[in-house]
Amino acid sequence: MSEKYAPKSVEEKWQERWEASKIYKVTEDSSRKKYYLLEMFPYPSGRIHMGHVRNYSIGDVIARFKRMKGFNVLHPMGWDAFGMPAENAAIQHKSHPARWTYENIDYMRKQLKKMGLSYDWDRELATCDVEYYKWEQLIFLQMYKKGLAYRKTSFVNWCPTCETVLANEQVEDGCCWRCDNEVQQKELEQWFFRITDYAEELLDYTGKLPGWPERVLTMQRNWIGRSTGCEIDFPLEGHLAKIKVFTTRQDTLFGATFMSLAPEHPMALELTTPENRERVQAFIDKVQKTDRVKRAAEDFEKEGVFTGSYCINPVTNRRMPIYLANFVLTDYGTGAVMAVPTHDQRDFEFAGKYGLPLQVVIQPEEKQLDPETMVAAFTDEGVMVNSGRFDGIRSGEAKERIADYLEAEGIGKKTVNYRLRDWGISRQRYWGNPIPIIYCDLCGVVPVPEKDLPVVLPMDVEFTGEGGSPLARIPEFATTTCPQCGEAARRETDTMDTFVESSWYFLRYCCPDFVAGPLDKARVGYWMSVDQYIGGIEHAVLHLLYARFFTKVLRDLGYVDVDEPFVNLLTQGMVIKDGAKMSKSKGNVVDPDALIGKYGADTARLFSLFAAPPEKDLDWSDQGVEGSFRFLNRVWKLVHDLLTFVRQAGLVAPISLSPASRDLRRVVHKTIKKVTEDIEERFHFNTAIAAVMELVNAIQAFEPKNDPLNAPVLREALESVVLLLAPFVPHVSSELWEILGHEGGVEKAGWPGFDPAAVVDEELLVVVQVNGKLRGKITVPASAAEATVREAAFVDSRVKPFVEGKEVKKVIVVPGKLVNIVVA
RNA sequence: GCGAGAGUGGCGGAACUGGCAGACGCACUGGACUUAGGAUCCAGCGGGCAACCGUGGGGGUUCAACUCCCCCCUCUCGCACCA
């Protein structure tokens, strides 16, 4: 290899070697400690971006470090390959989603290989591969059997022009993002996963994941949104039926003066009296035309309409008019709210607008509430009034007492309510996993028998962009026969949400070639859980919640033994340039191909690791990249320049070292210690790299370099630099390691350990303060007694003037650190 | 409004259990080498002439505070009419 650092040839050489020898391939080995390191797999959008470079560089450091430490490291990669962009690209380029996807995968795989990432490529999987998604269909059927997959009617965003359901993200200002027509709320029958069955456990375990960032846990807790309260039945006037409400404020029950229902409440029209019918219908239509985003806005005006019916407050017997109100959500609680205008701000505003009565039932201590003069609802704790037998007790306690009372009287019961909704997985899309269900006019919903799996996604489809589910337009797919009765039947033509695939891919990585079922329990048992998961914060709720849910479902189906998929989670920050997240629309993207072409993968990796700690946003700087490149050049040159001096060097014999080489050796071992700790305990790669830079500076400053007596120490120093850098910049490290005369690669060398004896200082720099201000620095032998240090402090020439002639009140000596002299 | 996190040189960032604030890198300045330097090497680099002052602001604890406590300000992210 030439003297000049030529990243391209070095990187190609090592990448070929790694590929040919498959050194990152792993198999289960119960005699070794496993480590499962996973980065979120990418969507094959075309090419990798800097976010990927950063994410995968971070992961690769940990994988390589753990491998050098002797762990059996599972480090897989694959493709989250189903999804809408492929379909849109197909429409645009008159191509096929499969072709587009697989071409992207081929290109991106090459890019990742160029990065020198240490994956076991034999475990690669693509979720659009029938060998993957067929198992997902089986899991779906097993969930269906257990009632965890079910069908129900719900409101969704519907674009009438494109004839398809849109996700909330695809609705912009109430209009379809593609055709710009107004989006409606439409009631549709869709498939759901019963994630709410696991709400309690999902919430409970957020307290048992100490390796997760607090903010992710908080976001999941908010999302699950557990609240405790009561369900209370309000009898209807003149009906036998009752209206059930959910409330967390049963202490305000005596103040409930009217009832608010969601406009979509199933009893809304039934309760409307003939003379109100027109107005009520108009109101419902109006609300349904309003999209969810607008309706949820805080400044959205509270409006309602009287149905003409009344219900009865079960504890006061007050006659309560029943309204429909636009702020009552149909899918939270029971879709009905007992309105207590005195103690709920929304109800207060609503009552004001429609002239509804106010009844105070909680009095604050410091003032007296009067319905006539109230300007806002009182929502804090206070003392109960106008509440019969509960008068005089604190409202907090009354919550309990009233709940007990309601249960005893059979009026209501204590319940727990969740904000979390069941996961709607139906998509009217082609490029996804077909839901394995058949609809028969005679037998109804019939699951595809397991023996008939997989339901293969047909390839001959036309992409017109017309909208509607493409699968529904393929008669050979959509029409079939009922597996039960043999009569003509229809296939489900919706596909699954792509988040389903990413909910279990990490399990399949453990046994990607398993043919007898979705998961090989023994192999999954060996590898799971994922020891370290790394990805962007944008999946804090979605993917990370779904994956947790799926793991628990698969546990209950008997496939896995773990409760949680990911022990430790690292959410890396964004890549920022010129003050904004890198994006095409901002025009501030840095192309990884160009970067690697110019500087090599090692520089790209080094910079993205050095510029910021992983969890923080990374500010891209072209000059910073230059700096990283410069550093690698320095290391390269240093090793080559010193090669002749160290080639013949033997092992270090610590006893016979000169003071200078003993000092260098101390720096070497301190650096090993620091780098190890920074990687292992904190993932602070930036400070680890900084420490190696300091070591390189120390080696450069070391003299004399050509003294044969110093050669062993110098050699140890160089080898340490190379090995410590190996997880960060594997190509150049491998090359230099070979140049230093080692066969078998850095992987075999193992992670260097430090000699505890070598890191002990012989002399210590002790800071001398007078009244807490820095006045001098003294160097003392490490073995010096406290009294000696104290004396040395007093006689220091820079300290003396501040102490002389003054009364010394106190002297604090922190061994090895400082002396603080307190004078009057 | 609720919750989480963050405010340190010109910039990215260090400072682990309170003990030299600014490691390391970038940028910048001066010098060396050079036909040349946008390469490389050497030196300098928070502010102030100085005493001193400096980690968003104000208090406090301590011999000693970026670090601990109280109050406030700003920013980022998430949730938010959730009954």
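Only heavy atoms go into these numbers, but all of them, side chains included; no hydrogens, no water, no symmetry mates. Nothing here was measured: the structure is a model prediction, and the numbers come from that model. Numbers restart at 1 for each chain; the letters A, B, ... are given by sequence-line order, proteins then strands.
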Salt-bridge present (K286(A), E303(A); N to O < 4.0 Å)
yes
From the options rG3(B), rC52(B), rA23(B), select the nucleotide whose nearest atom is closest to the side chain of T218(A).
rG3(B)
Set of side chain to side chain donor-acceptor pair (under 3.5 Å) partners for N633(A), sequence neighbours left out:
none
Per-nt protein contacts along nucleotides 14-21 of chain B (heavy atom under 4.0 Å; B base, S backbone sugar-phosphate only, - none) come out as SS---BB-
Tell me whether the OP1 or OP2 atom of rG38(B) has a side-chain N or O from R630(A) closer than 4.0 Å.
no
C1' atoms of rC66(B) and rC2(B), separation to the nearest Å
29 Å
Electrostatic pair K806(A)-E804(A), nearest N-O below 4.0 angstrom
no
Identify, between T248(A) and S628(A), the residue whose nearest nucleotide on RNA chain B lies closer to the 5' end.
S628(A)
Check the pair R421(A), D331(A) against salt bridge (Lys or Arg N to Asp or Glu O under 4.0 Å), reporting the backbone distance first and the verdict last.
CA-CA 8 Å; R421(A) 323 259 156 80; D331(A) 47 5; 3.3 Å; yes
Expressed as a whole number of Å, how far does the C1' atom of rU67(B) sit from that of rG60(B)?
15 Å
What nucleotide, of rC26(B), rC82(B), rG12(B), holds the atom closest to the side chain of Y332(A)?
rC82(B)
Syn or anti for rG9(B), please, going by whether the chi angle lies within 90° of 0.
syn
Work out how far the C1' atom of rG57(B) is from that of rC73(B), and round it to whole angstrom.
7 Å
Quick one: does R798(A)'s side chain have a donor or acceptor within less than 3.5 Å of a partner on K777(A)'s backbone?
yes
OP1 or OP2 of rC52(B) sitting under 4.0 Å from any side-chain N/O of R775(A)?
yes
Span that lies between the P atom of rC69(B) and that of rU17(B), in whole angstrom
13 Å
Not counting sequence neighbours, list each pair that qualifies as a salt bridge (Lys or Arg N to Asp or Glu O under 4.0 Å) and has a residue in residues 624-638 of chain A.
K637(A)-D641(A)
C1' atoms of rC41(B) and rG46(B), separation to the nearest Å:
27 Å
Under the side chain to side chain donor-acceptor pair (under 3.5 Å) definition, can you give me all pairs with a residue in residues 208-221 of chain A, not counting sequence neighbours?
D204(A)-K208(A), T206(A)-R221(A), E214(A)-R221(A), Q220(A)-R548(A)
With rounding to the closest Å, how many angstrom separate the C1' atoms on rG56(B) and rU76(B)?
15 Å
Is atom NZ of K242(A) surrounded by more than 12 heavy atoms (other residues, nucleotides or ligands) closer than 6.0 Å?
no
When the distance from NZ of K577(A) to P of rC11(B) is rounded to whole Å, what number comes out?
19 Å
Using whole Å, report how far CE of M219(A) lies from P of rG5(B).
13 Å
Tell me, with the steps shown, if D761(A) and K670(A) meet salt bridge (Lys or Arg N to Asp or Glu O under 4.0 Å).
CA-CA 10 Å; D761(A) 288 297; K670(A) 278 188 170 180; 3.0 Å; yes
Sugar-phosphate, base or nothing in reach of D617(A), heavy atoms under 4.0 Å
sugar-phosphate
Using only side-chain N and O atoms of R346(A), determine if any of them is under 4.0 Å from OP1 or OP2 of rC82(B).
yes
Nearest to the side chain of V328(A), heavy atoms from C-beta on, is which of rA83(B), rC53(B), rG78(B)?
rA83(B)
Given rC63(B), is OP1 or OP2 found less than 4.0 Å from the side-chain N or O atoms of K810(A)?
yes
Hey, is the side chain of R221(A) poking within less than 4.0 Å of OP1 or OP2 on rC79(B), counting only N and O atoms?
no
All side chain to side chain donor-acceptor pair (under 3.5 Å) counterparts of K244(A), not counting sequence neighbours
D233(A)
N697(A) near the nucleic acid: base, sugar-phosphate alone, or nothing, with a heavy-atom cut-off under 4.0 Å?
sugar-phosphate
Can you tell me how far P in rC63(B) sits from the matching atom in rA27(B), rounded to whole Å?
46 Å
M574(A) CE to rA6(B) P, straight-line distance once rounded to whole Å
16 Å
Rounded to whole Å, NE2 of H640(A) lies from P of rU40(B) at a distance of 17 Å
Provide the distance between the two C1' atoms, one in rG9(B) and one in rG54(B), to the nearest whole Å.
10 Å
Within the structure shown, what part of the strands sits under 4.0 Å from R419(A) by heavy-atom distance: base, sugar-phosphate, or nothing?
base
When the distance from CD1 of I576(A) to P of rU76(B) is rounded to whole Å, what number comes out?
12 Å
Whole Å only: how far is the CZ atom of F629(A) from the C1' atom of rG38(B)?
14 Å
Atom CG of N633(A) and atom P of rU40(B) are separated, to the nearest Å, by 8 Å
Annotated structure of RNA chain B as dot-bracket, pair cut-off 3.5 Å, Watson-Crick or G-U only, | for inter-strand, is (((((((..(((......[....))).(((((.......))))).((....))..(((((..]....))))))))))))....
Whether Y323(A) and Y354(A) hold their rings parallel, tilted or perpendicular, with breakpoints at 30° and 60°
tilted
Categorize G627(A) for me: base, sugar-phosphate, or nothing, with a 4.0 angstrom heavy-atom threshold over every strand shown.
sugar-phosphate
Using a heavy-atom cut-off of under 4.0 Å over every strand shown, decide if R226(A) touches base, sugar-phosphate, or nothing.
nothing
Check the distance between rC79(B)'s P and L203(A)'s CG and give it to me in whole angstrom.
17 Å
Backbone N or O of E301(A) within a donor-acceptor pair of the N326(A) side chain at under 3.5 Å?
yes
